[in-house]
Every structure is written in C-alpha cells, then in structure tokens.
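These notes concern the structure reproduced below.
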Amino acid sequence: GVDITNKKDVSIVFNLAAFTKTDKPYHWWSNPNPNDDTENGLNLNSNIKIQVLSKDNATWVDGIVIRGSDASNRYYRYNFTGTNTATGTLGQSNSFDNSNSTKYNIVKVDIPASAEITNLKFRIVGKTENSDKIWLVDDVRILSKNAVYKVWSTNSSGTGLRWRNADGSNAAVPPTIDEKALIDETYVDTRPNFEACECEVNPGKTLTIGQDKVVKLRGSLINNGIVNINSDGNLIQEEDEAVNTGSITAYRTMTPHRNLDNTYSAKEYNFYSSPVYGQNMKAIFGGSTANTAFAIVLNEPGNNFVNANATHYNIPGKGFAVKDPTAEFVGAQTTVPATFKGVPNNGIHDVEVTRAATPTNRGWNLVGNPYPSNIDATLLYNASTNIDRDFRFWDNTVNATYTYNGSYGQYSYAILNASTGVGNPAPGADPTSTPTPIGTKAPDRYISVGQGFIVRALTPAGGTVRFSNAK
C-alpha cells in the first residue's frame with residue numbers, strides 16, 4: 001500500500017482506452033452505422049472499475065465504474081488521446097456510460113478524508129464480453145498534497161492564545177476548509193466561526209460552539225476531549241460519509257409554559273428529535289428520567305401516541321413528544337436546557353413514513369432534525385418522496401388540550417410550506433381555552449437543532465423523508 005498519512009486531496013487517476021482485436025477497416029466503409037457492429041468495440045456489458053480497500057482492510061469499495069456504452073446494441077472503441085474525464089468520490093456509487101459523443105479517456109477517483117484511509121490499496125478490474133474485446137489502462141498515478149493543519153493553542157510560554165501553524169508560528173488566518181483544525185486549548189463560545197477539513201479536540205481540551213456560531217467541517221469530528229454546542233449553535237458537515245468519534249453535548253433552550261397566573265403545571269408536550277445517536281429522550285432534562293413524565297412517539301396506523309423505547313432512540317430522524325419537565329426540576333427558572341449527549345449524527349438517514357389505508361385521516365408521522373445543525377426544509381422536501389409539502393410544528397402556547405384525541409385540532413400547529421419556505425403561525429382559538437390565544441411564532445425554512453415536526457404521507461404506499469447533513 002501507499003502511505004497517505006498527512007496527505008490531503010488524495011486521488012487515483014489513470015488513462016483509459018477501448019479496442020477490439022477483430023475489428024476490420026471495411027466495417028467503417030461498408031456499414032453506415034458501425035456502432036451497431038459487435039466487432040467495432042465494447043458495449044454496456046463491458047465495464048471497468050477502480051476499487052479501494054477500506055480502512056479495516058476488509059472490503060473493496062467501488063470508486064468509479066465505466067461501461068463500454070449506454071446500450072447492449074451499441075459498441076464503441078477509442079484511443080488515449082481524448083480529454084473527457086469521469087470524476088467521482090469513493091463510496092458514492094459513481095457510474096458512467098460511454099456514448100457516441102462522450103468517451104471517457106481519463107478516470108479520477110477522489111479519496112475523502114472521511115474514508116480514514118492511511119495505507120492506500122487499490123485495484124482496477126476490467127470485464128468484457130470475450131477475449132477479443134479489450135480495455136487498455138495507462139499512466140496510473142496517485143495525486144496528493146501535503147496536509148496542512150492549524151492548532152488553536154498558546155505559544156511555548158503558555159500565552160498568546162490564537163491559531164498557529166504546525167511549526168508553532170502565528171497563523172495569518174484561521175484554518176480553511178482544506179486544512180485540519182486541532183484544538184489544543186479551550187475554544188470558548190464567544191470565539192468566531194471557523195471551518196476545516198476535519199477537527200480534532202485533544203484530551204482535556206474543550207471546544208464550545210456558541211449561540212449563532214458555526215463550525216463547518218468537510219469531514220469528521222474527532223473528539224478526544226469535550227465538545228459543547230450551545231442552543232442555536234451549529235456543527236455542519238459537508239461529507240455525508242464522514243464518521244464522527246467521541247461524544248458531544250448539544251443543548252436546546254426551552255421555555256416552560258406557565259399558566260396565566262404564572263404557576264407551572266408541567267402539562268404541555270414539546271416535539272424533539274435528537275442530534276446525537278442513542279439519546280434516551282426521557283432523560284433530556286438534567287440527565288434523569290425522573291425529570292419528565294413521558295417521552296412518546298406517534299403510532300401512525302392507530303393515530304395515537306405510545307411510550308418510546310430504546311429502539312426508537314437509535315433511529316436518527318425519529319420525532320418524539322416529550323412532556324414538560326417537572327416543577328421540581330424547573331423551579332423558578334424561566335428557561336431550561338434540553339440536553340443531548342452522544343456521538344453526533346451525520347450522513348444520509350431515510351425515515352420511512354406510512355399512511356394507513358383507512359380511515360382517510362391517517363398518514364401523520366412525527367419526525368425531526370437528526371443533526372447538530374439547522375437543516376433546510378425546502379431541500380429536505382425536494383429530496384424526499386411522497387410526502388405533503390406542509391410541515392406541522394406544535395405550538396403549545398395556544399393549546400389547552402392535554403390528552404391526544406387524534407389531531408389536537410389544527411389550531412395548535414404552525415404550518416410551514418416546505419416547497420416555498422413560507423410559514424404561518426398556529427391559528428389558535430382552542431375552543432376549550434379561555435381566553436383563546438393566537439399563535440405568534442411562524443416557522444421558517446430552516447429547522448433548528450433538536451426540533452421535531454409532523455409530516456404526512458400522501459398515499460397508503462408510504463413515503464420517505466431523506467435527511468442529509470450536507471443539506
């Protein structure tokens with residue numbers, strides 16, 4: 001293998017051509033459409049692929065697959081002189097068909113940092129219909145750059161906290177998206193946004209992403225210390241393939257709903273979804289399951305709520321209704337944090353949504369943002385299949401009904417048209433409430449960290465909500 005430790009922008013590149021041993025010149029003169037001639041070249045049934053051995057040396061992962069043509073009855077041959085390039089990223093199912101207008105002479109596979117490969121091993125595998133048809137490969141090479149990283153640290157005297165280059169000199173600017181960030185001293189919540197290809201937090205050190213602050217990574221978060229994400233802070237990751245290590249703590253500030261006389265009854269529910277894997281949703285207040293009475297999930301076929309269990313907690317994108325924290329936990333506080341602890345979710349997560357055939361008022365599914373970053377509802381809607389464009393957000397400030405009766409009535413839901421990104425507040429006017437408050441909070445296009453919401457499957461065939469942190 002090739003050692004690519006401390007390298008960045010690693011790619012495998014080679015030149016490609018296709019020939020046959022049986023082709024004769026008269027085919028070009030006597031056949032008005034030589035691409036129909038089986039002796040003229042390679043067709044859809046011939047392919048060549050480049051595969052890379054995974055970091056654990058257990059699996060060959062496809063980088064790119066090139067097929068000889070775009071149909072079984074079309075045959076192409078070509079030499080090395082063209083410049084058409086097929087480019088793809090390892091693990092993303094990249095497939096290209098040669099066509100009459102485009103024949104791929106250069107193949108390039110990018111190895112993302114998220115693949116975590118340090119000893120690069122690869123192979124090029126060709127397949128043709130018979131031994132007379134040939135793929136030709138030339139000029140195989142590995143391209144890379146020396147990795148660059150910047151360290152958040154003090155100088156050798158323990159003063160002058162700032163970004164520094166790998167040699168200890170002062171960095172003129174923070175890391176860029178092509179550079180690694182290494183946190184070797186505490187990075188507090190008031191510090192500016194930064195981006196990096198990946199971020200590693202050293203043991204005993206702390207990274208805190210403050211309110212309205214953003215850390216944007218192309219690849220992984222490697223946490224050997226402490227990472228906190230304050231309410232309305234964002235950890236964004238561009239590569240869905242990036243694998244995170246180490247637990248973080250993410251917070252979501254909530255306002256306990258008080259009665260008109262300012263007393264607190266802990267009656268209301270709040271819709272949540274965890275930005276970390278495996279969070280017990282009944283323990284989001286103070287880390288104790290005793291601090292809230294219920295964490296429940298919506299059972300779509302029965303249109304009723306049931307108690308959540310460990311299986312539900314391990315589904316990124318699952319939505320939960322969690323009852324207000326107890327009066328003992330809230331005390332005199334006007335706001336309290338919902339706390340999520342675990343490895344931050346990343347990658348593509350498909351949440352299947354259902355709709356019972358009868359009665360006709362079914363199809364409601366409680367889902368939620370599975371990431372420690374805001375997500376774009378319009379991009380989410382466009383990537384999903386067979387769901388209604390209206391996303392419903394529960395507003396417990398206009399509700400006076402505390403036992404689910406099949407809908408709670410539409411007065412308690414603020415509605416976002418996900419296709420346009422325009423939202424409207426809950427209409428209010430709960431007939432069981434005196435007075436009858438009207439909602440004032442309108443959802444916008446961006447769904448916050450920890451937020452749960454309801455989507456509706458359009459037909460009994462069901463649908464899929466496709467979450468991606470890259471969106």
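What you see is a predicted model, and the numbers here were worked out from it, not measured in a lab. We use all heavy atoms of the structure for the numbers below, so side chains are in, but hydrogens, waters and symmetry mates are not.
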Worksheet item: Given the rule in the side-chain contact (heavy atoms from CB on, under 4.5 Å) test, do Cys199 and Leu221 qualify, once you have shown the distances and angles that lead to the verdict?
Response: CA-CA 5 Å; Cys199 179; Leu221 172 69; 4.2 Å; yes

Worksheet item: Sequence neighbours excluded, which residues qualify as ring pair (Phe, Tyr, Trp, His ring centres under 6.0 Å) partners of Tyr251?
Response: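 Applying ring pair (Phe, Tyr, Trp, His ring centres under 6.0 Å) to Tyr251 gives none.
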
Practice prompt. Just jot down the ring pair (Phe, Tyr, Trp, His ring centres under 6.0 Å) partners of Phe122, sequence neighbours excluded, or say none.
Written response: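 If we apply the ring pair (Phe, Tyr, Trp, His ring centres under 6.0 Å) test to Phe122, skipping adjacent residues, there are no hits.
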
Minimum heavy-atom separation for [X] to [Y], with atom names?
| X | Y | value |
| --- | --- | --- |
| Lys108 | Ile64 | O-CD1, 3.2 Å |
| Ala426 | Ser412 | CB-C, 3.8 Å |
| Ala266 | Pro325 | CB-O, 3.5 Å |
| Pro256 | Val336 | CG-CG2, 4.1 Å |
| Asn386 | Thr459 | ND2-OG1, 2.9 Å |
| Asn280 | Tyr313 | OD1-OH, 3.2 Å |

Item to complete: From the options Thr206, Asn230, Asn228, select the one residue that forms a side chain to side chain donor-acceptor pair (under 3.5 Å) with Asp189.
Response: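 Between Asp189 and the candidates, side chain to side chain donor-acceptor pair (under 3.5 Å) is satisfied uniquely by Asn230.
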
Worksheet item: Any luck finding a side-chain donor-acceptor pair between Asp240 and Ser468 under 3.5 Å?
Response: yes

Do the side chain of [X] and the main chain of [Y] share a donor and acceptor less than 3.5 angstrom apart?
| X | Y | value |
| --- | --- | --- |
| Glu352 | Thr464 | no |
| Asn345 | Pro316 | no |
| Thr335 | Met254 | no |
| Asn346 | Glu239 | yes |
| Asn43 | Gly41 | no |
| Trp152 | Thr186 | yes |
| Ser220 | Val243 | yes |
| Ser273 | Gln451 | no |
| Asn303 | Arg362 | no |
| Asn234 | Ile236 | no |

Does any non-hydrogen side-chain atom of [Y] lie less than 4.5 Å from one of [X]?
| X | Y | result |
| --- | --- | --- |
| Trp135 | Ser46 | yes |
| Ile48 | Ile124 | yes |
| Thr85 | Thr83 | no |
| Ser274 | Met281 | yes |
| Phe340 | Tyr272 | yes |
| Lys205 | Leu182 | no |
| Trp60 | Lys49 | no |

Worksheet item: If you draw a 6.0 Å radius around CZ in Arg389, do more than 12 non-hydrogen atoms from other residues or ligands fall strictly inside?
Response: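 At most 12 heavy atoms, drawn from other residues, nucleotides or ligands, come within 6.0 Å of this atom.
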
Worksheet item: Are there more than 12 heavy atoms of other residues, nucleotides or ligands under 6.0 Å from atom NZ of Lys127?
Response: no

Discussion item. Apply side chain to side chain donor-acceptor pair (under 3.5 Å) to residues Ser54 and Asp56 and explain how you reach the verdict.
Written reply: CA-CA 5 Å; Ser54 59; Asp56 57 3; 2.5 Å; yes

Item to complete: Show the numbers, then the answer: is there a side-chain contact (heavy atoms from CB on, under 4.5 Å) between Ser373 and Asn469?
Response: CA-CA 8 Å; Ser373 61; Asn469 201 6; 2.9 Å; yes

Worksheet item: Any idea how Phe271 and Tyr413 line up, ring-wise: parallel (<30°), tilted (30 to 60°), or perpendicular (>60°)?
Response: tilted

Fill in: Parallel, tilted or perpendicular: ring planes of Tyr104 versus Phe96, cut at 30 and 60 degrees
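If you compare the ring of Tyr104 with that of Phe96, the planes turn out perpendicular.
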
Worksheet item: Could you walk me through whether Tyr76 and Asp70 pass the side-chain contact (heavy atoms from CB on, under 4.5 Å) check?
Response: CA-CA 10 Å; Tyr76 301 124; Asp70 50 1; 4.0 Å; yes

Worksheet item: Can Asp324 and Asn270 be said to form a side chain to side chain donor-acceptor pair (under 3.5 Å), step by step?
Response: CA-CA 7 Å; Asp324 273 344; Asn270 308 271; 2.9 Å; yes

Worksheet item: What residues form a side chain to side chain contact (heavy atoms under 4.5 Å, CB included) with Ile4, not counting sequence neighbours?
Response: Val2, Lys7, Val10, Ile117, Leu120

Worksheet item: For Asn57, what residues pass the side chain to side chain contact (heavy atoms under 4.5 Å, CB included) criterion, not counting sequence neighbours?
Response: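 Partners of Asn57 under the side chain to side chain contact (heavy atoms under 4.5 Å, CB included) test: Leu53, Lys121.
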
Worksheet item: Mind checking whether Tyr187 and Phe194 have ring centres under 6.0 Å apart?
Response: yes

May I ask you to say whether [X] pairs ionically with [Y], meaning some side-chain N is under 4.0 Å from a carboxylate O?
| X | Y | value |
| --- | --- | --- |
| Asp376 | Arg445 | yes |
| Glu238 | Lys216 | yes |
| Asp232 | Lys213 | no |

Worksheet item: How far does CD of Glu268 sit from CZ of Arg258, to the nearest 0.5 angstrom?
Response: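 It is 13.5 Å, given to the nearest 0.5 Å.
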
Practice prompt. Could you pull out all residues at least two apart from Glu200 that satisfy salt bridge (Lys or Arg N to Asp or Glu O under 4.0 Å)?
Written response: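 Only Lys180 meet the salt bridge (Lys or Arg N to Asp or Glu O under 4.0 Å) criterion with Glu200.
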
Discussion item. If you apply the rule side chain to side chain donor-acceptor pair (under 3.5 Å), what do you find for Ser11 with Asp110, and how did you get there?
Written reply: CA-CA 4 Å; Ser11 300; Asp110 297 326; 2.6 Å; yes

Fill in: Evaluation steps, side-chain contact (heavy atoms from CB on, under 4.5 Å), between Glu300 and Val353
CA-CA 8 Å; Glu300 184 279 324; Val353 292; over 6 Å; no

N/O donor-acceptor pairs under 3.5 Å from side chains in residues 289-297, not counting sequence neighbours:
| from | atom 1 | to | atom 2 | distance (Å) |
| --- | --- | --- | --- | --- |
| Asn291 | ND2 | Phe285 | O | 2.8 |
| Thr292 | OG1 | Lys323 | O | 2.6 |

